[in-house]
Amino acid sequence: MKYLLLIYGDELALSETERQDCYAESMQLARDLHSNGQYLGANPLHPTAMATSVRVRDGKRLVTDGPFAETREQLGGYFLIEAKDLDEAIAVAARIPMARKGTVEVRPVIEIPGLPADARQP
């Protein structure tokens, strides 16, 4: 089963050195997961100042700067993994560096038949 591990934390909590260390540790985790056949994708996100939210109401598109909601912790990145069950996904989530400073939300992915298996393929 696929799981999306959503990484939340205070985007101002890390110094630039700590952020680079976090990226290095996350890259090593990604390599470990890849060697185990569990890695499907991962990326950090730009700060919420670069976010844009889109809503459509009554057929009209509403575009606003910033994230959907103001919160104490912001969505900062994700891992998309393959895991045999929730316990295995939780074990991977606990290895994400930001789990020590923020929160990692573990969500099973609903796989809908008919969607392209890999968006990079024509």
Side-chain angles (χ1 to χ4, degrees):
M1 175 174 261
K2 291 179 184 168
Y3 288 88
L4 186 60
L5 311 179
L6 300 162
I7 304 163
Y8 291 92
D10 180 347
E11 64 189 20
L12 302 175
L14 300 179
S15 69
E16 188 55 35
T17 300
E18 290 171 318
R19 185 174 317 285
Q20 292 306 316
D21 291 345
C22 182
Y23 289 167
E25 191 175 342
S26 294
M27 285 189 290
Q28 183 58 53
L29 174 58
R31 286 191 288 274
D32 293 348
L33 294 171
H34 185 266
S35 69
N36 293 339
Q38 294 178 286
Y39 180 82
L40 299 174
N43 284 103
L45 300 175
H46 282 281
T48 57
M50 298 195 60
T52 301
S53 296
V54 179
R55 297 171 186 80
V56 177
R57 302 292 186 268
D58 298 321
K60 293 184 180 181
R61 184 180 70 182
L62 306 169
V63 179
T64 55
D65 291 336
F68 173 69
E70 292 290 328
T71 62
R72 193 172 56 85
E73 293 185 330
Q74 297 79 36
L75 178 61
Y78 69 91
F79 273 80
L80 179 61
I81 65 165
E82 186 74 40
K84 66 181 178 189
D85 57 28
L86 179 60
D87 289 336
E88 187 174 77
I90 289 170
V92 172
R95 294 175 61 195
I96 295 173
M98 281 302 294
R100 295 189 295 267
K101 293 191 179 267
T103 302
V104 178
E105 179 182 341
V106 178
R107 299 274 299 270
V109 173
I110 297 171
E111 297 192 53
I112 300 173
L115 287 177
D118 186 340
R120 293 170 291 190
Q121 296 177 353

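Throughout, residue positions are numbered sequentially from 1 according to the sequence presented.
- Grouping the Ile, Leu, Val, Met, Phe, Trp and Tyr side chains by contacts below 4.5 angstrom, directly or via other members, places Ile81 with Ile96.
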In residues 99-110, what donor-acceptor pairs under 3.5 Å come from side-chain atoms, sequence neighbours left out?
unit_1	atom_1	unit_2	atom_2	d
Arg100	NH1	Glu25	OE2	3.2
Arg100	NH2	Glu25	OE1	2.9
Arg100	NH2	Glu25	OE2	3.2
Thr103	OG1	Glu73	OE1	3.1
Glu105	OE2	Arg107	NH1	2.9

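- Without hydrogens or angle criteria, Asp58 side chain to Lys60 main chain gives no donor-acceptor distance under 3.5 Å.
- Using modelled atom types, one side-chain atom of Glu82 and one backbone atom of Met1 make a donor-acceptor pair closer than 3.5 Å.
- No donor-acceptor pair under 3.5 Å is formed between the side chain of Thr48 and the backbone N or O of Ala51.
- Here the options are Leu4, Val92, Leu29, the test is side-chain contact (heavy atoms from CB on, under 4.5 Å), and the partner is Phe79; only Leu29 passes.
- Counting non-hydrogen atoms of other residues, nucleotides and ligands closer than 6.0 Å to CG of Asp65 gives a total of 12 or fewer.
- Note on Tyr39 and Tyr3: same hydrophobic cluster, where clusters join Ile, Leu, Val, Met, Phe, Trp and Tyr whose side-chain heavy atoms are under 4.5 Å apart, directly or indirectly.
- At a threshold of 4.5 Å between non-hydrogen side-chain atoms, the residues Arg55 and Thr64 count as touching.
- Using a 4.5 Å cut-off between side-chain heavy atoms of Ile, Leu, Val, Met, Phe, Trp and Tyr, with links allowed through other members, Met98 and Met27 fall into different hydrophobic clusters.
- The main-chain N or O of Glu11 is found under 3.5 Å from a side-chain atom of Gln74 such that the two form a donor-acceptor pair.
- Every residue meeting the side-chain hydrogen bond (donor to acceptor under 3.5 Å, both in side chains) condition with Gln38, not counting sequence neighbours, appears here in chain and number order: Glu88.
- Checked against side chain to side chain contact (heavy atoms under 4.5 Å, CB included), Val54 has the following partners two or more places apart in sequence or in another chain: Arg61, Val63.
- Not counting sequence neighbours, Ser35 has no partner by the side chain to side chain contact (heavy atoms under 4.5 Å, CB included) test.
- Note that CG of Asp85 is 8.5 Å distant from CD1 of Ile90, once rounded to the nearest 0.5 Å.
- Atoms CD1 and CG, from Ile7 and Leu75 in turn, are 8.5 Å apart once rounded to the nearest 0.5 Å.
- Legend: residues meeting side-chain hydrogen bond (donor to acceptor under 3.5 Å, both in side chains) with Gln28, ordered by chain and number and at least two apart, are Arg31, Asp32.
- Considering all non-hydrogen atoms of both residues, Ala89 and Leu5 come closest at O-CD2, 4.2 Å.
- Scored by the side-chain hydrogen bond (donor to acceptor under 3.5 Å, both in side chains) test, Asp10 finds no partners at all (sequence neighbours excluded).
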